[in-house]
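Encoded as structure tokens, the structure appears first; notes follow it.
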2 protein chains.
Amino acid sequence: MHEQPHHESMFQALADVQRRKILQILKHKEQSVAEIKTHFDFSGATLSHHLNVLKQADLVRVRREGQKRIYTLNLSVVEELLLMFNEMFKRGQND
Amino acid sequence: MHEQPHHESMFQALADVQRRKILQILKHKEQSVAEIKTHFDFSGATLSHHLNVLKQADLVRVRREGQKRIYTLNLSVVEELLLMFNEMFKRGQND
DNA sequence: TAGATAATTAGATGATAATCTAAATAAATG
DNA sequence: CATTTATTTAGATTATCATCTAATTATCTA
């Protein structure tokens with residue numbers, strides 16, 4: 001019944017159009033920060049910030065690979081997000 | 001492929017916990033502003049603001065009834081939202 | 001190990017958003 | 001028609017957020 005604190009960070013993360021775009025980009029394939037950066041105009045620091053927000057929300061995962069950090073979409077959490085939405089809005093039994 | 005401008009306002013609307021709570025409340029039954037207000041501590045002006053944000057995002061609808069305004073959850077848009085999420089994150093054909 | 005490359009962290013700034021009080025609008029009612 | 005009730009609008013304030021530049025950390029390689 002109560003909303004998990006977890007959800008808060010997810011919704012916050014999804015509220016920004018750039019972050020949603022990052023998720024779209026990662027949907028196709030996992031990518032390093034530099035690769036992701038090619039899709040945007042803002043600074044690396046800003047991208048790093050957005051990636052961190054997505055990571056805190058558990059929407060993406062990171063792993064090291066040499067100097068690079070490879071970000072991947074956390075699909076299981078995305079699934080969870082969909083379930084949550086369904087839960088959030090599904091009709092009751094008497095309507 | 002491109003995101004509708006519409007979606008922006010939806011995500012913005014959902015980013016606030018109070019607004020999500022309003023949606024929860026309206027899920028059970030349509031309610032006047034005063035009724036909705038019983039669930040919150042903030043001022044009527046603030047509630048009015050939140051309701052307006054939800055309305056702009058088309059997540060709720062309003063109708064007059066005497067002095068009262070009755071807010072209802074716009075379920076068809078919620079459905080649409082779910083479809084959008086599915087679209088946004090569904091796996092491609094080659095994975 | 002010095003220099004280059006990859007990314008993050010720190011700190012500042014401007015924009016946006018949540019909230020408040022007070023005033024305005026609109027409908028109902030005595 | 002003046003007053004009460006319901007809600008919104010206006011304007012101000014404070015907090016949060018997206019973004020920037022500069023500095024830092026970490027890794028690789030010559």
Side-chain angles (χ1 to χ4, degrees), chain A residues 3 5-26 29-74, chain B residues 3-26 29-74 81:
Chain A
E3 204 180 16
H6 201 190
H7 295 162
E8 180 63 27
S9 62
M10 281 192 184
F11 280 110
Q12 292 294 346
L14 290 169
D16 184 89
V17 66
Q18 313 288 17
R19 287 194 290 263
R20 295 198 299 279
K21 192 174 166 189
I22 293 172
L23 295 177
Q24 290 295 308
I25 289 167
L26 292 179
K29 64 169 173 42
E30 59 179 28
Q31 290 176 52
S32 70
V33 175
E35 283 178 295
I36 297 170
K37 180 139 178 13
T38 64
H39 298 85
F40 297 97
D41 287 331
F42 46 66
S43 74
T46 296
L47 177 53
S48 199
H49 161 73
H50 284 313
L51 289 170
N52 189 249
V53 173
L54 289 169
K55 187 149 58 73
Q56 294 310 313
D58 206 25
L59 284 164
V60 301
R61 293 279 168 78
V62 208
R63 68 167 195 280
R64 272 210 122 99
E65 210 163 88
Q67 298 150 290
K68 300 180 179 173
R69 294 196 192 174
I70 309 297
Y71 281 81
T72 62
L73 188 59
N74 185 357
Chain B
E3 204 180 17
Q4 254 70 25
H6 201 192
H7 294 162
E8 181 62 27
S9 62
M10 279 191 184
F11 280 110
Q12 292 296 342
L14 291 169
D16 185 272
V17 66
Q18 313 289 17
R19 287 194 289 265
R20 294 199 300 279
K21 192 174 166 189
I22 292 172
L23 294 176
Q24 290 295 307
I25 288 167
L26 292 179
K29 64 168 173 42
E30 59 179 28
Q31 291 175 53
S32 70
V33 176
E35 281 178 295
I36 298 169
K37 181 141 177 14
T38 63
H39 298 85
F40 296 97
D41 288 331
F42 47 66
S43 74
T46 296
L47 178 53
S48 199
H49 161 73
H50 284 313
L51 289 170
N52 189 249
V53 172
L54 290 168
K55 186 148 59 69
Q56 294 310 312
D58 206 25
L59 285 164
V60 301
R61 293 280 167 78
V62 209
R63 68 168 194 278
R64 273 211 119 97
E65 210 162 89
Q67 298 151 286
K68 301 180 179 173
R69 295 197 191 174
I70 310 296
Y71 281 81
T72 62
L73 188 59
N74 185 357
L81 189 67

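Naming: A, B, ... by sequence-line order, numbering from 1 per chain.
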Rounded off to whole Å, could you give me the [atom1]-to-[atom2] distance for the [X] and [N] pair?
X       : N      : atom1 : atom2 : answer
B/Leu51 : D/dT8  : CG    : C1'   : 11 Å
B/Leu47 : C/dC20 : CG    : C1'   : 14 Å
B/Phe11 : C/dT16 : CZ    : C1'   : 19 Å
B/Leu54 : D/dT8  : CG    : C1'   : 15 Å
A/Lys55 : C/dT9  : NZ    : C1'   : 12 Å
B/Leu14 : C/dA18 : CG    : P     : 12 Å

| request: Sorted by first residue and then second, give each salt bridge (charged side-chain N to carboxylate O under 4.0 Å, His left out) pair with at least one member in residues 51-60 of chain B; sequence neighbours left out. | output: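 Non-adjacent pairs meeting salt bridge (charged side-chain N to carboxylate O under 4.0 Å, His left out): B/Asp58-B/Arg61.
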| task | Give the C-alpha distance, both sets of side-chain angles, the deciding distance and a yes or no for side chain to side chain contact (heavy atoms under 4.5 Å, CB included) between B/Val60 and B/Leu26. | result | CA-CA 9 Å; B/Val60 301; B/Leu26 292 179; 3.7 Å; yes
| message | Checking the side chain of B/Arg19 only, and the main-chain atoms of B/Gln12 only, is there a donor and an acceptor separated by less than 3.5 Å? | response |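 Side chain of B/Arg19 to backbone of B/Gln12, a donor-acceptor pair under 3.5 Å: yes, one is there.
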Taking atom [atom1] of [X] and atom [atom2] of [Y], what is their separation to the nearest 0.5 Å?
X       : Y       : atom1 : atom2 : value
A/Phe40 : A/Ile22 : CZ    : CD1   : 4.5 Å
B/His50 : B/Gln18 : NE2   : CD    : 5.5 Å
A/Leu54 : A/Met10 : CG    : CE    : 11.0 Å

Could you list the protein-to-nucleotides 24-30 of chain D atom pairs, N/O on both sides, closer than 3.5 Å?
| from | atom 1 | to | atom 2 | distance (Å) |
| --- | --- | --- | --- | --- |
| D/dT27 | O2 | A/Gln67 | NE2 | 3.1 |

| request: Would you tell me if any nitrogen or oxygen in the side chain of B/Tyr71 comes within less than 4.0 Å of OP1 or OP2 on D/dT8? | output: yes
Return the polar atom pairs (N/O with N/O) between nucleotides 11-13 of chain D and the protein under 3.5 Å, or none.
none

Set of side chain to side chain donor-acceptor pair (under 3.5 Å) partners for [X], sequence neighbours left out:
X       : result
B/Thr72 : none
B/Thr46 : B/Ser43
A/Gln31 : none
A/His49 : none

| said: For a 4.5 angstrom cut-off between non-hydrogen side-chain atoms, does B/Leu59 reach B/Leu23? | reply: yes
| query | Below 4.5 Å, heavy atoms only, C-beta onward: do A/Asn52 and A/Gln56 meet side chain to side chain? | reply | yes
| query | Which residues, if any, of residues 31-38 of chain A bring a heavy atom under 4.0 Å of DNA chain D? | reply | none
| Axis-to-axis angle across the helix from C/dT1-D/dA30 to C/dG30-D/dC1, five pairs an end, to 10 degrees? |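 What I find for the helix from C/dT1-D/dA30 to C/dG30-D/dC1 is an axis angle of 10°.
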Check residues 32-39 of chain A and write down every donor-acceptor pair under 3.5 Å in which the side-chain atom is one partner and the other belongs to a residue at least two apart or another chain.
| from | atom 1 | to | atom 2 | distance (Å) |
| --- | --- | --- | --- | --- |
| A/Ser32 | OG | A/Glu35 | N | 3.2 |
| A/Ser32 | OG | A/Glu35 | OE1 | 3.4 |
| A/Glu35 | OE1 | A/Ser32 | N | 2.9 |
| A/Lys37 | NZ | A/Phe42 | O | 3.1 |
| A/Thr38 | OG1 | A/Glu35 | O | 2.6 |
| A/His39 | ND1 | A/Glu35 | O | 3.4 |
| A/His39 | ND1 | A/Ile36 | O | 3.3 |

| message | Within the 4.0 Å heavy-atom criterion, would you say B/Phe40 contacts the bases, only the backbone, or no part of the nucleic acid? | response | nothing
| said: For nucleotides 15-20 of chain D, give me one character per nucleotide, 5' to 3': B if any protein heavy atom sits under 4.0 Å from the base, S if the only such contacts are to the sugar-phosphate, - if neither. | reply: --SSBB
| request: With sequence neighbours left out, write down each residue that passes salt bridge (charged side-chain N to carboxylate O under 4.0 Å, His left out) with B/Arg63, or none if nothing qualifies. | output: B/Glu30, B/Glu65
